[in-house]
Amino acid sequence: MGLIQRELERAGLVTAGISNLRQYTRRVNPPRTLFLDWPLGQPLGRPFALEQQRAVLLALLETITTTETPGQVREPGWAWLDGIDLE
Amino acid sequence: MARWKNRLLARLLARFPFLARRVTDSWARQVVVNREVPWTPLAKPLPRCRVALVTTAGVHRRDQEPFDMRDPQGDPGFREIADHTPAAELMITHDYYDHRAADRDLNVVFPWQRLAELAREGIIGQSAPFHYGFMGHLLGGHLQTLVRVSAPEVARRLLAQGVDVVLLTPG
């Protein structure tokens with residue numbers, strides 16, 4: 001995913017991506033990243049957990065207004081069990 | 001048979017995080033390290049930006065050709081998804097991660113409905129008319145196709161729609 005992100009940024013778009021793979025992201029080096037140490041396949045959180053999904057999306061947008069160093073990874077440190085689970 | 005094995009592996013990785021870390025770190029070691037980072041500065045405030053989604057979670061419309069799961073190197077193409085496409089018209093084709101949660105609620109990997117809410121609240125200017133689905137887990141020559149053909153074509157389409165910001169989500 002980071003490879004696509006880099007090409008979009010190179011073309012003149014402002015990009016931010018979610019990562020659940022720390023080592024992969026370090027090597028690919030995309031411009032702005034929100035890292036969540038969560039299971040693969042649920043980057044926005046749990047199904048129908050609207051507030052959790054919204055919080056992740058807002059945090060991702062925040063990387064756009066707060067990242068000053070290209071390649072910086074923002075880590076809110078949210079544990080998988082945190083957040084609102086409406087299941 | 002190969003597809004069944006990949007799906008089983010995907011479920012095991014979702015169930016056992018320590019195993020997932022070991023396997024994904026081994027994938028990471030095959031990736032070329034990039035030192036330079038491309039950078040486009042934000043030119044206007046987010047409430048005036050048009051925002052698109054790009055996901056590598058294998059999301060596509062049901063009437064589009066599914067991502068190719070027979071090719072062990074994956075499918076380097078992309079699928080264009082109109083912003084207001086109803087959930088019932090979308091699906092995931094991707095054998096390399098456990099997408100049972102995302103099958104129930106696509107916002108888990110493709111938050112197009114959450115993005116529309118942020119647009120209505122004025123937190124962003126608007127959602128883009130089209131978003132783009134890819135599949136992750138590409139190997140071999142398909143990575144070059146992705147970087148040299150598919151990603152630049154999607155960039156061209158996004159710029160033509162007046163998109164300012166792209167949010168990328170994995171599977």
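Naming convention: chains lettered A, B, ... in sequence-line order (proteins, then strands); numbering from 1 in each chain.
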Can you tell which part of [X] gets under 4.5 Å to a heavy atom of chain A, answering side chain, backbone, both or neither?
| X | result |
| --- | --- |
| B:E153 | neither |
| B:L138 | neither |
| B:L106 | neither |
| B:L146 | side chain |
| B:R35 | backbone |

> In Å, rounded to the nearest 0.5 Å, how long is the span from CG of B:N107 to CD of A:Q42?
Replying inline: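 Separation between the atoms: 12.5 Å.
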Heavy atoms of A:L57 and B:P111 approach each other most closely as CD1-CG, 3.9 Å
On a heavy-atom basis, the closest approach of A:G41 and B:V108 is O-CG1, 3.5 Å
Test side chain to side chain donor-acceptor pair (under 3.5 Å) on B:E36 and A:N29 and set out the steps.
CA-CA 8 Å; B:E36 56 80 35; A:N29 218 352; over 6 Å; no
Quick check on [X] against chain B: is it the side chain, the backbone, both or neither that has a heavy atom closer than 4.5 Å?
| X | value |
| --- | --- |
| A:T67 | both |
| A:I4 | both |
| A:L34 | neither |

Proximity of [range] to chain A, residues having a non-hydrogen atom under 4.5 angstrom:
| range | answer |
| --- | --- |
| residues 45-82 of chain B | B:L46, B:V54, B:T56 |
| residues 86-100 of chain B | B:Y97, B:D98 |
| residues 112-119 of chain B | B:R114, B:L115, B:L118 |

A:E68 meets the salt bridge (charged side-chain N to carboxylate O under 4.0 Å, His left out) criterion, sequence neighbours left out, with none
**Asked** Is there a side chain to side chain contact (heavy atoms under 4.5 Å, CB included) between B:T40 and A:L13 once you walk through the steps?
**Response** CA-CA 6 Å; B:T40 300; A:L13 294 151; 5.9 Å; no
Side-chain heavy atoms of B:T169 within contact of A:L44, under 4.5 Å:
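Yes - at least one pair of side-chain heavy atoms lies under 4.5 Å apart.
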field: Pairwise side-chain contact, A:I18 with B:L168, heavy-atom cut-off 4.5 Å (strictly under)
entry: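 Not touching, per the 4.5 Å side-chain cut-off.
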Identify whether NZ of Lys or CZ of Arg in A:R10 sits under 6.0 Å from the centre of the six-membered ring of B:W39 and within 45° of that ring's axis.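 No cation-pi geometry.
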Output yes when a side-chain donor or acceptor of A:E7 lies under 3.5 Å from a complementary backbone atom of B:A151, and no otherwise. no
Starting from the C-alpha separation in whole Å, work towards a yes-or-no answer on side chain to side chain contact (heavy atoms under 4.5 Å, CB included) for B:N34 and A:R26. CA-CA 9 Å; B:N34 292 303; A:R26 273 196 193 138; over 6 Å; no
